[in-house]
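Working notes, structure below.
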Amino acid sequence: MTREENFMQAALEQARLAGSLDEVPVGAVVVLGDEIVGRGFNQPIRGHDPTSHAEIMALRDAAKRLGNYRLPGCELYVTLEPCVMCSGAIMHARIARVVFGARDPKTGAAGSVVDLFVERRLNHHAEIVGGVLADECGQMLSAFFAARRGRTAIA
């Protein structure tokens with residue numbers, strides 16, 4: 001297993017936590033060197049907070065642990081391509097590198113719908129790597145939504 005796959009597996013663990021709470025199963029970890037310094041999973045429903053995406057939660061956790069709202073030199077691993085809100089937070093945190101699993105053709109802001117990370121007018125540009133364990137990440141999301149549709153159809 002590669003380094004990227006190893007950290008994406010840790011993000012998938014976080015996604016499973018979200019799914020177990022009936023949240024959309026997206027997970028993220030922040031890595032500094034070879035150490036996970038922040039973890040997060042989607043929780044906007046249970047927290048009544050639209051900003052509680054996995055990336056935001058992982059950034060908050062890492063910032064607390066490291067004692068700095070800037071996270072230079074850190075990498076963010078997330079199971080789903082970041083949205084516009086999360087991409088903005090990633091830029092403000094000065095994340096050096098973002099590695100994501102599945103693409104998001106509806107709200108992805110790292111190349112699928114828009115690509116904020118190549119916008120020259122913005123002042124921070126993280127390196128982006130997409131598609132790491134994409135099938136596993138995508139299958140988790142597909143299964144979640146299929147189960148949700150099944151429950152809705154029965155009700």
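To the nearest 0.5 Å, atom CD of residue Gln139 and atom CG of residue Leu133 are 11.0 Å apart. Distance check: Cys86 SG to Asp104 CG gives 10.5 Å after rounding to the nearest 0.5 Å. Rounding to the nearest 0.5 angstrom, the gap separating the OG atom in Ser52 from the CZ atom in Arg46 is 9.0 Å. Here Cys74 contributes atom SG and Ile36 contributes atom CD1; the two are 12.0 Å apart, rounded to the nearest 0.5 Å.
Judged by distance alone, with hydrogens and angles left aside, the side-chain atoms of Asp49 form no donor-acceptor pair with the main-chain N or O of Pro44 at under 3.5 Å. Side-chain atoms of Thr79 do not come within 3.5 Å of backbone N or O of Leu12 as any donor-acceptor pair. Judged by distance alone, the side chain of Glu5 and the main-chain N or O of Thr2 form a donor-acceptor pair under 3.5 Å. Here the side chain of Asn42 pairs a donor or acceptor atom with the backbone of Ala54 at under 3.5 angstrom. Side chain of His125 to backbone of Glu119: a donor-acceptor contact under 3.5 angstrom is found.
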Item to complete: In sequence, state the C-alpha distance, the side-chain angles, and the governing distance for Arg148 and Glu23, and then conclude on salt bridge (Lys or Arg N to Asp or Glu O under 4.0 Å).
Response: CA-CA 11 Å; Arg148 181 174 270 185; Glu23 296 275 1; over 6 Å; no
Item to complete: With side-chain contact (heavy atoms from CB on, under 4.5 Å) as the test, would you mind laying out the steps for Glu136 and Gln9 before giving the verdict?
Response: CA-CA 10 Å; Glu136 190 172 345; Gln9 283 294 341; 3.3 Å; yes
Practice prompt. Give the C-alpha distance, both sets of side-chain angles, the deciding distance and a yes or no for side-chain contact (heavy atoms from CB on, under 4.5 Å) between Thr107 and Val113.
Written response: CA-CA 6 Å; Thr107 65; Val113 177; 5.7 Å; no
Worksheet entry | Chi angles and distances behind the side-chain contact (heavy atoms from CB on, under 4.5 Å) call for Ile56, Met85 | CA-CA 9 Å; Ile56 303 289; Met85 175 184 70; 4.3 Å; yes
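Val78 and Phe117 fall within the same hydrophobic cluster, defined by Ile, Leu, Val, Met, Phe, Trp and Tyr side-chain heavy atoms under 4.5 Å apart, directly or through other members. The hydrophobic clustering, which links ILVMFWY residues whose side-chain heavy atoms are closer than 4.5 Å, places Val98 and Leu141 together. In the hydrophobic clustering of this structure, Met57 does not group with Phe7; members are Ile, Leu, Val, Met, Phe, Trp, Tyr whose side-chain heavy atoms approach within less than 4.5 Å, directly or through other members. By the criterion of side-chain heavy atoms lying less than 4.5 angstrom apart, applied directly or through intervening Ile, Leu, Val, Met, Phe, Trp or Tyr residues, Tyr77 is not grouped with Val24; the two fall into different hydrophobic clusters. Cluster annotation: Val31 is connected to Val99 through the hydrophobic network of ILVMFWY side chains, with a link wherever side-chain heavy atoms come within less than 4.5 Å.
The minimum heavy-atom distance linking Gly101 with Cys137 is given by the pair CA-SG, 3.9 Å. The two residues Leu32 and Gly73 come nearest to each other via the heavy atoms CD1-O, 3.7 Å. Scanning both residues, Arg65 and Val37, for their nearest heavy atoms gives CD-O, 2.9 Å. Pairing each heavy atom of Ala11 with each of Val29, the nearest pair is N-CG1, 4.1 Å. Across all non-hydrogen atoms, the minimal contact from Leu59 to Ala93 is CD2-CB, 4.2 Å. Of all the heavy atoms in Leu76 and Ala58, the pair that sits closest is CD1-CB, 4.3 Å.
The pair Glu75-Arg94 does not meet the salt-bridge criterion, since no charged nitrogen lies less than 4.0 angstrom from a carboxylate oxygen. Salt-bridge check for Asp34 with Arg3: passed, with a basic side-chain N closer than 4.0 Å to an acidic carboxylate O.
Under the 4.5 Å side-chain criterion, counting only non-hydrogen atoms from C-beta, Leu122 is not in contact with Arg120. At least one side-chain heavy atom of Leu71 sits under 4.5 Å from a side-chain heavy atom of Leu66. For the pair His124 and His92, the minimum side-chain heavy-atom distance is 4.5 Å or more. The shortest side-chain heavy-atom distance between Cys83 and His53 falls under the 4.5 Å cut-off.
Using a 4.5 Å cut-off between side-chain heavy atoms of Ile, Leu, Val, Met, Phe, Trp and Tyr, Leu17 falls into a hydrophobic cluster with Leu21, Phe41.
For the 3.5 Å distance criterion, the side chains of Glu81 and Ser112 qualify, holding a donor opposite an acceptor. Under the 3.5 Å distance criterion, with hydrogens and angles disregarded, a donor-acceptor pair is assigned to the side chains of Arg60 and Thr51.
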